[in-house]
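Reviewing the structure listed below.
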Amino acid sequence: MAFFQTPPTLGNQFSDDRVLRSYLARVVPDDVMRAVLPELDALGALSGGELYAMQLRDRLRVPELTQWDPWGQRIDHIEVTDLWKRAAVIAATHGVVGAAYEPAHGAFARVDQFARVYLFHPSTDVYSCPLAMTDGAAKTLLAHGNRALIDRAVPRLTSRDPERAWTSGQWMTERTGGSDVGLSETVARNVDGQWRLWGTKWFTSATTSQMALTLGRPEGNGAGGRGLALFYVETRDAQGRMNGLSVNRLKDKLGTRKVPTAELTLDGAPATPVVGLSDGVRAISPMLNVTRTWNAMCAVSSMRRAVALARDYARRRVAFGAPLAKKPLHADTLAGLQSEFEAGFHLAFRAAELLGREEHGALEGHEAELLRVITPLAKLTTGRQAVAVASEALEAFGGAGYVEDTGLPTLLRDAQVLSIWEGTTNVLSLDVLRALGKGEPLRAIAAEVRALTAKIEDPRLAAVGAQCRAAVERASAFAMELVTRAARSADEATGALSELEAHARRMSLTLGRALAGALLVRHAQWSLTAENDGRARAAACRFAQHGIDLLGLAAPLDESDALANDTAL
Ligand code: MFK
């Protein structure tokens with residue numbers, strides 16, 4: 001009989017996930033766990049079952065923009081895919097945003113919510129994108145205390161009723177700048193007591209949302225981010241017509257192809273200032289920090305999906321006389337992927353824990369400084385990991401990983417955006433420098449890594465812990481030396497600061513990997529003791545082998561080496 005390969009399959013994505021279950025067992029109190037377990041189990045079943053099947057079936061469909069109705073009216077209707085419609089209902093009913101804002105579980109609300117995000121994301125064709133922005137919008141409106149906007153939008157943004165639930169856009173990117181938002185050209189004018197916006201937004205993700213937070217420059221304001229103001233916009237009027245804006249076209253993208261990303265023209269769109277009429281970049285930063293946390297969580301959940309499929313396939317695929325899973329080299333490759341995923345997992349969930357603690361006034365010790373810096377660190381570290389893991393996971397399928405109708409190439413397409421949107425790796429590394437400020441957050445990272453690795457009994461884990469501590473100490477000493485040189489004189493400042501900037505990415509990845517490694521070490525020790533399970537330890541040791549200190553300071557520092565090369569301008 002002819003041979004046909006059985007494809008990889010997925011089971012319940014909650015009950016199959018040793019890493020998530022073990023983490024929750026350590027962190028979440030029993031009563032909270034009992035309450036959320038049925039929801040997580042239901043989402044796990046949907047994610048590995050109905051939604052995954054739909055995702056494979058729906059593979060070729062993309063959103064469609066209809067700009068005009070048959071009678072010539074401009075309608076700009078975007079028809080999303082069936083999976084997106086289903087995902088919207090599931091997201092609302094299962095509280096994928098809402099759970100974060102419900103009081104029942106106090107500071108654990110964010111861990112609960114992000115466990116839902118983690119289960120939901122990889123089977124929903126990146127419906128997590130509008131949800132991330134929705135969460136970010138709710139957080140930002142609440143942070144600024146604009147009562148009218150809070151009353152109007154937050155109950156909808158956090159609703160569990162699919163009929164009532166809204167999503168929000170985050171329109172920041174213009175032709176002048178995706179990273180340098182201060183270059184934005186959108187103008188805000190007060191016309192007869194109503195603020196209105198004129199301009200072009202070059203990338204607006206999920207343009208089907210009912211509202212958006214966006215930036216515009218009130219006439220007469222100065223240049224840069226300080227001259228921008230944060231505005232609230234509703235996309236359609238009471239009759240369902242576009243509200244002073246039009247969709248020029250949908251973007252043709254490498255991945256996230258189900259996300260209707262559009263170019264928009266704002267032509268007098270009515271807008272409400274959220275908080276004052278300047279400092280828009282600072283005002284939108286709560287949104288950025290929430291969407292970056294989502295980005296990290298979706299990165300780890302996409303790594304988990306890639307590894308789950310590759311492991312399942314390795315049990316089914318026979319080559320050279322045995323299943324791939326029994327082949328030492330293949331098993332070794334998968335172990336490497338698993339270790340990156342596990343370390344990234346603990347980093348992303350630590351960011352979620354801290355966010356929840358901040359929102360419930362429960363931050364202690366160094367945690368406030370840590371939260372500010374762990375957010376970009378988690379985003380940039382897991383974003384790079386997700387791209388590398390997706391690429392390697394495809395290779396684990398051989399040619400099948402390169403064939404579109406297996407659905408596997410989508411893993412790589414969709415991972416690639418994770419290190420681009422919400423700030424590229426380099427821009428996030430500069431945000432880390434911004435967050436490090438005068439050094440308190442560096443001390444917070446060092447304190448966290450020391451605390452995590454202080455009481456490790458297992459000798460192999462203790463050695464990994466020591467590697468993490470050494471990496472943080474070296475990165476801190478390096479940064480502080482440059483900051484000290486910069487403070488010494490104006491002459492030294494230029495060179496020292498540009499050297500710091502040139503190393504910012506390596507330094508951020510070092511700090512991110514050291515934190516991730518230390519978090520994994522602490523969890524692995526707990527898992528050895530409480531669960532008699534050595535798998536997290538195996539992951540920690542393997543993660544450390546991949547390298548934690550990426551600063552590359554083995555050779556003596558020389559600023560001219562850092563900057564002088566063929567690409568210097
Ligand atoms: C699957 C998951 C889905 C995730 C959702 C996907 C949706 C995708 C939608 C998008 O991609 S939307 C576009 C996202 N765009 C960005 O993320 C922009 C990237 N660029 C940056 O982040 C730049 O660093 C930045 C625009 C912030 C630089 O602007 P400026 O004007 O040069 O900033 P500046 O002057 O350094 O900071 C202005 C203020 O904001 C300062 O406060 P003060 O006024 O008090 O001094 C900063 O401290 C503050 N700030 C900036 N970033 C902050 C922050 N505060 C807290 N947290 C931050 N992250």
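Please read these numbers as outputs of a predicted model, since none were measured by experiment. Just follow the structure's listing: the first ligand is 1, and inside any ligand the first atom is 1.
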Less than 3.5 Å apart, any donor N or O on the side chain of [X] or [Y] sitting next to an acceptor on the other?
X: Arg257; Y: Thr410; result: no
X: Ser246; Y: Asp76; result: no
X: Arg110; Y: Gln113; result: yes

Apply side-chain hydrogen bond (donor to acceptor under 3.5 Å, both in side chains) to [X] and list each qualifying residue two or more places apart in sequence or on a separate chain.
X: Tyr118; answer: Asp17
X: Arg292; answer: none
X: Arg57; answer: none

task: Check each protein residue for a heavy atom under 4.0 Å from ligand 1 and list those that pass, ordered by chain and number.
output: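 Correct list: Ser128, Cys129, Ala132, Met133, Gln170, Thr173, Gly178, Ser179, Val181, Ser205, Gly225, Arg226, Val281, Arg282, Ser285, Leu288, Asn289, Thr291, Arg292, Asn295, Cys298, Arg372, Trp421, Glu422, Gly423, Val427, Asp431, Arg434.
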